[in-house]
2 protein chains.
Amino acid sequence: MKKYMDILKRTKLFSGISDENIKAMLGCLSATHKDFKKGEYIFRQGEYIDTICVLLSGSVHIQSDDYWGNRSIISEVCAGEMFGESYAVHGSTAVLNDAVATTDSVVAFFNLNKLMTVCSSACAFHSAVIQNLLIALTHKNRNLMQKLIHISKRTTREKLISYLSNQAKINSSNSFSIPFNRQQLADFLSVDRSAMSNELSKMRNEGLLTFDKNNFTLL
Amino acid sequence: MKKYMDILKRTKLFSGISDENIKAMLGCLSATHKDFKKGEYIFRQGEYIDTICVLLSGSVHIQSDDYWGNRSIISEVCAGEMFGESYAVHGSTAVLNDAVATTDSVVAFFNLNKLMTVCSSACAFHSAVIQNLLIALTHKNRNLMQKLIHISKRTTREKLISYLSNQAKINSSNSFSIPFNRQQLADFLSVDRSAMSNELSKMRNEGLLTFDKNNFTLL
DNA sequence: ATATTTCTGTTGTATTTACAACAAAAAGAG
DNA sequence: CTCTTTTTGTTGTAAATACAACAGAAATAT
């Protein structure tokens, strides 16, 4: 695990915590890690998990496939980001979605039970980690809310505008690249890929935007 | 605020904390409360808030209206539940949605900054509240995820089935009532009300379910 | 009790979407 | 480089949805 200290110290979970203390906590957290090949599942809908996951390298999609094979991509996880934390606290429910590696990945697993059950006043950085987790959860919440706003739009065009203008805002630029190919973007916005491609072309013809592969410019 | 102790002690935020300690904390939290008439806004999209909100009585909808007047209801808040907590922690962003009273309501406001900035090991119940907040946030997250799953469905019928069967699961019964009228349910599922009414009628004719006002039975 | 307002279901039409099929372009494998 | 696979854009058609208008039922106000 020590070879991943660089990435760990840059995570939201360990923000503001010294290398030394991070190392100390890896024991408290029963830290383990595991490699996943592209396409492998870290967890699946219906399972119960008791560890939070931190992506050390690679890329992971949180998604959910329904009975008819329609895929819905909830979010993309990048190296250094956390996932599964909403299910890993005691007394939780079955996981509602899949986590799948979209490239070869390494995932760390941390068990928070000790942090939560043992009096956390014991050491200051236990409280710090819990506070970090709290703040990370509020970020997750706001991201989910933002995605809800995108896919609550009634038409494909409105969904695209909602998503793309939000991306422009995040990147503080009218030109940006997105982490999805066309099929993935369609799965993210819950629309049909070909219809979406068609709508993008129309919007380009109308002079609303230009794009080349994953690079978009709003006009 | 003391007249609301009964409801406060039953909130997730103060779960497991004695009456005495709750009273003590109301000071730390700079607790205030305010009455809202039906239709009044507790906060609006774009505002910045620094207090979490706890509904002491009444009913609140978290929702978001777009430029064209389409409403999207994110969630219903019942007495004893919390809202706004994802925006009330330090360094947050503008609120993404409105909170509006759907009946005359009383809302308590708590400022968490002291809890978060002053070393929380100072008193054990500070840590307890933060842990409660953490758990509440994971619940919120799972609820948002569940709603995402509902509205990611491609057709009105699938959305209805997804939502109604989840309600049946939550109530552990095929018969249950929902907290929305038809327009509100349509706004919650991001579909047109009349089209949804139509679909409900079709489903009833096909023997999938029966309903009377807000009471549904899945068959 | 009566009048007014809100809620719900129904219908028809125009718009939008999903779906399928296909060709060109791009990416990847051997 | 050549062949294969994947990705993307395009088109036509069937299906689903939004929208508007309206009538009856239910709730609320006077």
Side-chain angles (χ1 to χ4, degrees), chain A residues 37-39 61 65-73 102-104 150-164 177-206 208-216, chain B residues 37-39 61 65-73 102-104 150-164 177-206 208-216:
Chain A
K37 292 274 177 213
K38 175 178 177 174
H61 276 185
D65 295 329
D66 73 12
Y67 184 80
W68 298 272
N70 290 314
R71 170 160 298 170
S72 169
I73 297 177
T102 55
T103 64
D104 292 357
H150 297 325
I151 70 172
S152 293
K153 301 284 183 241
R154 302 308 220 283
T155 65
T156 301
R157 174 174 295 215
E158 281 178 77
K159 289 181 189 180
L160 282 167
I161 290 174
S162 181
Y163 172 71
L164 293 173
S177 63
I178 64 172
F180 299 128
N181 64 27
R182 292 290 181 279
Q183 183 63 59
Q184 290 170 335
L185 180 58
D187 289 341
F188 182 81
L189 296 177
S190 294
V191 294
D192 179 71
R193 180 199 59 80
S194 62
M196 188 191 73
S197 265
N198 193 292
E199 195 65 35
L200 277 173
S201 297
K202 280 189 207 161
M203 290 166 76
R204 177 168 54 189
N205 292 341
E206 294 174 25
L208 293 172
L209 48 73
T210 62
F211 55 87
D212 176 54
K213 294 184 39 75
N214 298 353
N215 305 305
F216 289 78
Chain B
K37 293 273 178 215
K38 175 177 178 175
H61 276 184
D65 296 327
D66 72 12
Y67 184 79
W68 298 272
N70 290 314
R71 170 161 298 170
S72 170
I73 297 178
T102 55
T103 63
D104 291 357
H150 298 325
I151 69 171
S152 293
K153 301 286 184 241
R154 304 305 168 77
T155 65
T156 301
R157 174 173 295 214
E158 280 179 79
K159 289 180 189 180
L160 282 167
I161 290 174
S162 181
Y163 172 72
L164 293 174
S177 63
I178 63 172
F180 299 129
N181 64 27
R182 293 289 182 277
Q183 183 63 61
Q184 289 170 336
L185 180 58
D187 289 340
F188 183 80
L189 296 177
S190 294
V191 294
D192 179 72
R193 180 198 60 79
S194 61
M196 188 192 74
S197 266
N198 194 291
E199 195 65 35
L200 277 173
S201 298
K202 279 190 207 162
M203 291 166 75
R204 178 169 52 189
N205 293 341
E206 293 175 26
L208 291 173
L209 48 73
T210 61
F211 55 86
D212 176 54
K213 294 182 41 74
N214 298 352
N215 304 306
F216 289 79

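In the text below, chain A, chain B and the rest are named by the order of the sequence lines, each starting its count at 1. In this text the structure is predicted, and so the values were computed from the model without any measurement.
Atom-to-atom, CE of B/M196 to C1' of D/dA16 comes out at 16 Å; the value is rounded to the nearest Å. Here C/dA18 presents its P atom at 11 Å from CG of A/D187, a figure rounded to the nearest Å. Distance B/R157 CZ to D/dA16 P: 9 Å, rounded to the nearest Å. In this structure, CD1 of A/I178 is placed 14 Å from C1' of D/dT7, rounded to the nearest angstrom. Following rounding to the nearest Å, B/L200 (CG) and C/dC7 (P) show an atom-to-atom distance of 17 Å. To the nearest angstrom, C1' of D/dG9 lies 13 Å from NZ of A/K202. Atom pair B/N70:CG and D/dC19:P shows a separation of 6 Å (rounding to whole Å applied). Taking atom CD of residue A/Q183 and atom P of nucleotide C/dA18, one finds them 12 Å apart after rounding to whole Å.
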For this session: Apply side-chain contact (heavy atoms from CB on, under 4.5 Å) to A/I151 and B/S152, showing your working.
Result: CA-CA 7 Å; A/I151 70 172; B/S152 293; 3.7 Å; yes
For this session: Begin with the C-alpha distance, continue with both residues' side-chain angles, and end with the deciding distance and a verdict on side-chain contact (heavy atoms from CB on, under 4.5 Å) for B/M203 and B/I161.
Result: CA-CA 10 Å; B/M203 291 166 75; B/I161 290 174; 3.6 Å; yes
Exercise. side-chain contact (heavy atoms from CB on, under 4.5 Å) between A/D192 and A/T156: does it pass, once the steps are laid out?
Worked result: CA-CA 9 Å; A/D192 179 71; A/T156 301; over 6 Å; no
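Between A/R154 and A/R204, the one whose closest nucleotide on DNA chain D sits nearer the 5' end is A/R204. Of the residues near DNA chain C, A/T156 and A/R193, the one whose nearest nucleotide (by heavy atom distance) lies more toward the 5' end is A/T156. Between A/K213 and A/V191, the residue anchored nearer the 5' end of DNA chain C, judged by the nucleotide with its closest heavy atom, is A/V191.
Checked by atom type and distance alone, the side chain of B/R182 pairs as donor or acceptor with a backbone atom of B/K213 at under 3.5 Å. Between the side chain of A/D104 and the main chain of A/K38, a donor-acceptor pair closer than 3.5 Å is present.
Where the helix from C/dA1-D/dT30 to C/dG30-D/dC1 starts and where it ends, the local axes point in directions that differ by 60°; five pairs per end, rounded to 10°.
Backbone-only engagement by A/T155 is indicated by non-hydrogen atom pairs under 4.0 Å involving sugar-phosphate atoms exclusively. Within the 4.0 angstrom heavy-atom criterion, base atoms lie near A/D192. A/S201 comes within contact range of the sugar-phosphate backbone alone, with a heavy-atom separation under 4.0 Å but no base atom that close. In this structure, B/N198 reaches the bases: a heavy-atom distance under 4.0 Å links it to at least one base atom across the strands shown.
Which of D/dA18, D/dT8, C/dT8 sits closest to the side chain of A/N214 comes down to D/dT8. Of the candidates C/dT17, D/dT7, C/dG9, C/dG9 carries the atom nearest the B/S197 side chain, counting heavy atoms from C-beta on. Comparing D/dT7, D/dT17, C/dT8 by their closest approach to the side chain of B/N181 singles out C/dT8.
When every heavy atom of B/N214 is checked against every heavy atom of B/N181, the shortest pair comes out as OD1-CA, 4.0 Å.
A salt bridge links B/E206 with B/R157: the distance from a Lys NZ or Arg NE/NH1/NH2 to an Asp or Glu carboxylate oxygen falls below 4.0 Å.
Proximity of the aromatic rings of A/H61 and A/F188 is defined here by a centroid distance below 6.0 angstrom, and this criterion is not met.
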